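A quick write-up on the structure given underneath.
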Amino acid sequence: MRKIRLQRAGDDRLAARFAAELNRAQHSAATAPDGFNLILAGPGSGKTRVITYRVAYLIARGVPAESILLVTFTRRAAREMVGRLEALIGPVAAKVWAGTFHHIGNRLLRRSAQVLGYGPNFTILDGEDQLDLVRMAMEDAGLVGSGKLAPKPAAVQHALSFAFNVQRPLREVILERNPDWEEWVPNLEAAAQAYARRKLAANCMDYDDLLGQWARLLADFPEQRAKQSKMFRQILIDETQDTNTVQLELIETLAREGAGNLTAVGDDAQSIYRFRGANYDNILKFPDRNPGTSIFRLETNYRSTPEIVAFTNASIARNASGFEKTLVSARGKGVRPLVVPAADVHEEAAYLCQQILELHEEDVPLGKMAVLYRNHHDSILLQAELVARGVPYTVRSGLRFFEQAHIKDVLAYCRILVNPRDEPAWRRLLLLLPGIGPAKASALCTHLMASADPLAALATAPTMALVPAKSKGFFAGFVADLRKVEAAKPETNPAAAIGAILQGGYPDTVKGRYERPENRIADIEQMAVLASRFDSLERLISELMLAGDVYGADSVDGDEPTDHIVLSTIHQAKGLEWSRVFVPRLVEDGFPGARSLTDPGGEEEERRVFYVAVTRAMDELYLTYPQTMPRGGRGPTLLTRPSRFLTEIDAELYEQATLESDIDLSWSGIAKFKGPGEPSSEI
């Protein structure tokens, strides 16, 4: 282990922590020399610790914190790393440029948007806003009313985004993935151009633009490329295996044009986002693209027992592609994973519930257990069983807080004050007014967008002439409400702006339009509390629009109950861990899915998804499958085959239970959930 040389005050203490808290492989990776480095970090190997110590090492060596770019896959990961870094080196940690690609892109584009034809006050479109603009762009391209088989806006939106993220022509992507659309390809290409024009006219960017416009800055404006390359002397990128072509090219461009220092961290065996455009070769061929790359391997697993690690090693060994690695557990002896065949899907769900209850009776907290499934619909029966037994659970899916309708309404008020040309925000608010439908909202938006100042044009006679007679009173109230919000000086006092919205007519809209209005108004009040932390309305909006990570991994906040069992898709569980993990529905054509097996590389990606699932377990791993299932969920019952991800593993690496002899599944034998201080009861 080489001796590290540091330059900051307190270096001796930091060096001592390096020696005490890092193993040999971690120490070598954290103190890697300048240049291009690839750190292959297996599950539970201390990846976050190594990245944190790497940044601390660079700063202690004299690299200014503000010249370090740390790109993470989720905002949660960025917060965790900066928090750990602050514990190591103090407040200077906050100067590091840390965040997701979209977060970093947003910060950089705010500085240079005018070069690209945007205003620095551009707003960010979420998925629903994008869908609205895509629908209008399709109208521009003559794609509305083309028959039942014509492409739908949501599918077109996905195709546009996928083509961008894989950097392939839209025509090529459509013909490969949606051959039935061939006759509409020219219209779809025209719709893509119309969508881009509408975004620029509205001074809005979608999530892909935060990458694409950043890439355009670097490619088309040499002075911008030189400026950013000089800004970042050291670049670190986490979860490299999940990046797409655009993302990695951005980072490699900055590194090559600048100081040439890039540390890529990840695990090729956990590359599971191909469906979103992630490029597996980004990590696999990193050394080929960057000759002279130093490779570091973190193979000591601190998370799981030796038995679980042996199982996970065997699970990924069948993949032909990937870096060679063998994890070794640092923990003491445990129990082998348990494979449980059930008669059918009902028995499988009942078994899972019984096992959860038994573990809870053994003092395993519910929050230390998780059921991880390949597809969300695989959880429906289990949810019904949990409800029947009164077991509290949390589903890691559904709408995030800032995706709820009432929160998006309030954000729309804020967005048009920051960016008066934000057409999707105008449409959302106008459609809230009684008597104004899509056609009238479009006419009003067209009129407002044609004016030099949409906010000023709002209260003029020409605008009022476009409002239906029965809506004029509501429209006048809307204008008055906007004036009150403007008077609250929202640019520097976002909390006052939200308070003004609550004091206007919007609460009545909530009461007349939405269920549980009291809860929704309470949500908005809490939103005002959150806004009090910001001194800029633009910053508040940007933070909220980027609050939900694009991949869904940040959908859970720190207030989630800890006394609920977690039900989660495997993709959303990535990076997390639980003491006991259950993986159900392990049958052929389910996991792996039949469709994925027809795609090149599909089986290997499905095996990596399975690998991610089983490596979440710390102490015990349960793998279940029903031996019969109804076809398509409703058709005749058919015999299943256990997943190849089970049958290809040596039987000595797991235990196998037989429900008839080992598990009591009678209704009288399954206890209901016993909360604190409650006696157990039987059904």
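Given the structure is predicted, the values throughout are model-derived calculations rather than measurements. What's counted below: heavy atoms across the whole structure, side chains too, no hydrogens, waters or symmetry copies.
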*asked:* Does atom NZ (K227) have a neighbourhood of more than 12 heavy atoms from anything else shown, all under 6.0 Å?
replied: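 Counting other residues, nucleotides and ligands, NZ of K227 stays at 12 neighbours or fewer.
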*Does atom CZ of R533 have more than 12 heavy-atom neighbours, drawn from other residues, nucleotides or ligands, at distances under 6.0 Å?*
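Open.
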_Non-hydrogen side-chain atoms of M205 and Q213 separated by less than 4.5 Å_ = yes
Would you call [X] and [Y] a salt bridge, taking side-chain N to carboxylate O under 4.0 Å as the test?
X    : Y    : result
R427 : D129 : no
R198 : E139 : no
R61  : D34  : yes
R75  : E543 : yes
K230 : E257 : no
R225 : D220 : no

*Aromatic centroids of Y273 and F73 separated by under 6.0 Å*: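 Yes, they do, as the ring centres are separated by less than 6.0 Å.
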*Got a sec, which residues hit side chain to side chain contact (heavy atoms under 4.5 Å, CB included) with R177, two or more places apart in sequence or on another chain?*
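Applying side chain to side chain contact (heavy atoms under 4.5 Å, CB included) to R177 gives H158, F162, V173.
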*Under 30°, 30 to 60°, or over 60°: which ring-plane class applies to F275 and H571, parallel, tilted or perpendicular?*
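Answer is perpendicular, since the angle exceeds 60°.
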*For the pair F36 and F286, name the ring-plane relationship: parallel under 30°, tilted 30 to 60°, perpendicular over 60°.*
tilted
*asked:* Could you walk me through whether Y506 and H406 satisfy the side-chain contact (heavy atoms from CB on, under 4.5 Å) test, starting with their C-alpha distance in whole Å, then the side-chain angles of each, then the deciding distance to 0.1 Å, before giving a yes or no?
replied: CA-CA 10 Å; Y506 182 69; H406 54 297; 3.5 Å; yes
*Which residue pairs pass the ring-ring contact (aromatic ring centres under 6.0 Å, His included) test when at least one of the two sits in residues 212-243, sequence neighbours left out?*
W97-F232
*If you measure only the distance, is there a donor-acceptor pair under 3.5 Å linking the side chains of R415 and N419?*
no
